Each structure stands twice: as structure tokens, then as C-alpha cells.
*Asks:* 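Here it is, the structure, as C-alpha cells.
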Amino acid sequence: MKLLYFAWVRERVGKPEEEIDPPPNVRTIGELMAWLSRRGEEYAYAFENAKVIRAAIDHAHVKPDTAIAGAREIAFFPPMTGG
Amino acid sequence: MKLLYFAWVRERVGKPEEEIDPPPNVRTIGELMAWLSRRGEEYAYAFENAKVIRAAIDHAHVKPDTAIAGAREIAFFPPMTGG
Amino acid sequence: MAVRLQREDFDIGAEIAELTQGRTDIGAVATFTGVCRADNEGHRIEAMTLEHYPGMAEAEILRHVEEAQARWPLFGVTVIHRYGRLVPGDNVVLVVATSSHREAAFAAAEFLMDYLKTRAPFWKKEERAGAAGWVEARQADDAAAQRWRQAGRRPGAAE
Amino acid sequence: MAVRLQREDFDIGAEIAELTQGRTDIGAVATFTGVCRADNEGHRIEAMTLEHYPGMAEAEILRHVEEAQARWPLFGVTVIHRYGRLVPGDNVVLVVATSSHREAAFAAAEFLMDYLKTRAPFWKKEERAGAAGWVEARQADDAAAQRWRQAGRRPGAAE
């Protein structure tokens, strides 16, 4: 699946997007953040305060307990500050 | 004092303004409307439903029990429909 | 603060520019434009004539603008109300309110429109197929204006 | 319904004309323009860069426009949100809502702005004297957006 990062999540991870293939025991958005944060210092830094990070699956806002099965594109970003 | 009429009050009275000199026992807006309505058919028609008619003294909205003493300009008109 | 009563149309973009040009403290610009409709509660309107009370109309609107400024942190407010004969599609009234944040700008624009509808001395006479009649005050407008008298800074659920 | 994300500025008068020209059923046009300020909670801002999530931003805004249309009797809605680098005084966002009466036009414009502030995937990075930082979400914006979820058609006193 494709991951996208925005704003300071993107800056901390160090890239705007990547393709990943998480193991089958990573089932939810929350589990995916935990798995990502074990991939290296930049990820640990980006996801150190996972509670503030928002996620979207295929362009729709989702919660940490949402299942990622079937997702084509998952995005992580800080609270929105548009308008 | 000067009286002004607007909208259908003006149309019914048949003039936009006039100078009047009511007797001293006419003390309030309500009493002025009653006195005016006895001045002729056109006034009786204009003030037949005095409850719906609004008044202003010197450009400020007033109630029927407001005293008219000292007023330079009194206006009578229907409920406003601006905006 | 600008309050203008005029026969002529207005240019919303120009009025916004007048309030905002050269400033960097404004974060929010709310505008409301009232337009003459061809239909009023099922009646076909060919034109309408707006009569006003010169002198009092300016004074009343200015008083409401000052009240809005006392209630909310506003930078500038413009109110333009037309009078004379208007046809459907014509602009009737414009309110522009600027502030640092949107809450104040929206609230001031709504407040001023509710008051213009109910307290500013203007009267609309409509021309319908052959006949003409004065528009009656809308109860919903009175209720909308009333809510600013009851609540604190923001109206409660009025409807 | 028009939803546009663009780097370029917009012309409010032209956007209003786009929704109203040739029509005689519109009685109310509410607009809101968000403008980049030089000051954010005491910090001097030299510029800001708006990042967005292409694809999702359009979809999210369109969903909210559709929700507004389901809630209020609207004729047309336009939302324009800029992205890229903006300096103080620059326009950021525009909402235009048209209806037969003002209540619906105002409510829809406020509703859309509250949602754009809290749910549309945009992020502001400010440039302050030498440094740069991402803007944090305002709690007041979350509260403003939340009130549309609780009440019926109109928010209660949210502040």
C-alpha cells in the first residue's frame, strides 16, 4: 500500500510518500503507526506522539482503530489548519 | 410640530408631511394618533389599526405611551421592511 | 465605518477593497448582499420601490453599526442600502464586516442584517401584475432580530 | 457547486456574478473571505505556505458542500482555497453561498468555514523572523465545528 505524509509528519519522516508492505499482524491505523515508529529514528520521531496524528484511508478521515485491510492509500498528518 | 408619514400611512393620509398644533391634553404618541384619527376620513383610515403603526420622535423609535412634549418631528409608518 | 443610502448600485469587490487595502491585520471579511427576487411567497414581482425616512435611516443604521462594534472586535463595517425603484436581480443592501477572526465578522454581518430587516425605516412596495402593494413585515425577521436582545454575544437556536 | 483549489488569487465580485447572473430567484448572497494576517497570537508572520492533500482536499470540501446543501435550501455554493506561499494581506479562502433568504446563506457559509478550518486537509507553515513553524490547530475552531454536530439546523451558543 501507498503511504503519504503531510506537514511536519512529512518533514520528520523525511519523504512525502512511500510504498510499504506491513506484516499481517498490523491490522489497524494505530498498529500501523506503532509498526512504522519501529522502522527507524525518523519514524520514531514522527510518530512519538501518535495521539495527535490524524489519518486518512483513500481520502476519508479514519480513527486509530480503523482496519487498514484493502486500503490503497493511507495518509498521516497533523491536525488540519486550513481555512 | 412637524408630522411625517411613510408608506401606506402616507398614502392613506394623502400627504407626506404637515405642521400640526395639537391641544395640550394630547400628551402621548397614542393620544396623538387618536386625535389625528378624528380629523377626517383619511386620518381615520390611516390610523384605524393604530396597534400596527410605528412612531419615531426626532429620528428615534418610540412607543405609544411616549410623551410628545418637546418633539420637533414625529413620524408615523408601518412596520419596517428594509434589508 | 461607512453608511450610505443611495439609488445607485454598489460594487462588492470595491467595497471590500476599501476596507482591506493596505492592511495586514484583517483575517476575516464577511459580506451579505440582499437581492430583489422575482417571487415573494408565491407572488410574481415585476419591480419594487423602496421608500425610506431620510435622516432617520442613516441615524438608525449608524447606531446599529456602533452597537456591532461594541459587541464584537471589528476593524471596519460598511452598510449600503439602496432606495428607489428596483427590479428582480437588482442588489438592495450590502453589509461588509472585517475582523481578525471569522466569528466576529459573521456575527456582526448577521446582526446588522437582522436589524436592517426590522428596525431601519425602509418600506418596500411591490409591483405585481397590474397591482401594487406594501410588503408586510416577516415574523421570522422579528424573531431573528429579537435573539440578539436575549442571548449574550451569540444568538441561541432561534429557529 | 464549484470547489477549486488554486495557487492564484480569486475575484470575489466575479465569483458572486458567476452564481447570480441572469437569475431572479436569489435573495441572499453571503460570502466569507479568509485573509493572511501579519500577526498570529503575538507572532509576526512574514509569509506562510499552505500545504494540502491533493485529491482528498477536493473530496472533503465537496462532501461538506453537499452536506450544506442537504441542511439548507441553497441555490449555489462556491468554495475556493488557495495553496502555496502567501504573504500577509493575501486572500486564502473564499466561500460564497446563495439562497432565497439570508438565514440559509449565512448558516451555510459559517458551517463551511468551520469545517474548512478543522477537517479539510490543509496545513499552514508560518515564516517568522528567520524561523518557520507549523501552525497549531485552534481549539476555538474545533468547538465551532463541533456545534454543527450537536444542535439541529442552527448552532446553539457555542462561545
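Residue numbers begin at 1 in each chain, while the letters A, B, ... track the order of the sequences. Just so we're clear, the structure is a prediction, and the values are computed from it rather than from any experiment. Computed from heavy atoms alone, side chains included, the values below leave out hydrogens, waters and symmetry copies.
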*Asks:* Are there more than 12 heavy atoms of other residues, nucleotides or ligands under 6.0 Å from atom CD of E8(D)?
*Replies:* yes
*Asks:* Under 4.5 Å from any heavy atom of chain A, what part of R119(D) do you find: side chain, backbone, both or neither?
*Replies:*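 For R119(D), the contact with chain A is made by backbone and side chain together.
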*Asks:* Which atom pair, heavy atoms only, marks the closest approach of W123(D) to P78(A)?
*Replies:*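 Scanning both residues, the minimum pair turns out to be NE1-O, 2.8 Å.
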*Asks:* Please examine the side chains of P121(D) and F6(A), heavy atoms only from C-beta on, and report whether any two atoms are closer than 4.5 Å.
*Replies:*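 In short, these two side chains do not touch, never coming nearer than 4.5 Å.
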*Asks:* Walk me through it: do H59(A) and E60(D) pass the test side-chain contact (heavy atoms from CB on, under 4.5 Å)?
*Replies:* CA-CA 8 Å; H59(A) 294 172; E60(D) 266 290 302; over 6 Å; no
*Asks:* Please check: side-chain N/O of K124(D) versus main-chain N/O of M80(A), any donor-acceptor pairing under 3.5 Å?
*Replies:* no
*Asks:* Around atom CD of E46(D), are there more than 12 heavy atoms from other residues, nucleotides or ligands closer than 6.0 Å?
*Replies:* yes
*Asks:* Does any heavy atom of chain A fall under 4.5 Å from the side chain of K117(D), the backbone, both, or neither of them?
*Replies:* both
*Asks:* Between atom CH2 of W8(A) and atom CD of E51(D), what is the distance when rounded to the nearest 0.5 Å?
*Replies:* 12.5 Å
*Asks:* Output, in order, the C-alpha distance, side-chain angles, deciding distance and verdict of side-chain contact (heavy atoms from CB on, under 4.5 Å) for E73(A) and M56(D).
*Replies:* CA-CA 11 Å; E73(A) 182 175 300; M56(D) 180 172 171; over 6 Å; no
*Asks:* For K63(A), check side-chain contact (heavy atoms from CB on, under 4.5 Å) against everything at least two apart and list the hits.
*Replies:* D65(A), T66(A)
*Asks:* Check step by step if side-chain contact (heavy atoms from CB on, under 4.5 Å) holds for K125(D) and E11(A).
*Replies:* CA-CA 12 Å; K125(D) 188 172 195 172; E11(A) 288 180 341; 2.2 Å; yes
*Asks:* Within a strict 4.5 Å, meaning less than it, do heavy atoms of the F122(D) and T81(A) side chains meet?
*Replies:*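 A side-chain contact is absent here, since even the closest heavy-atom pair is not under 4.5 Å.
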*Asks:* Side chain, backbone, both or neither: which part of E58(D) has a non-hydrogen atom closer than 4.5 Å to chain A?
*Replies:*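 No part of E58(D) comes within 4.5 Å of chain A.
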*Asks:* If the contact rule is any heavy atom under 4.5 Å from chain D, which residues of residues 17-45 of chain A qualify, in numerical order?
*Replies:* none
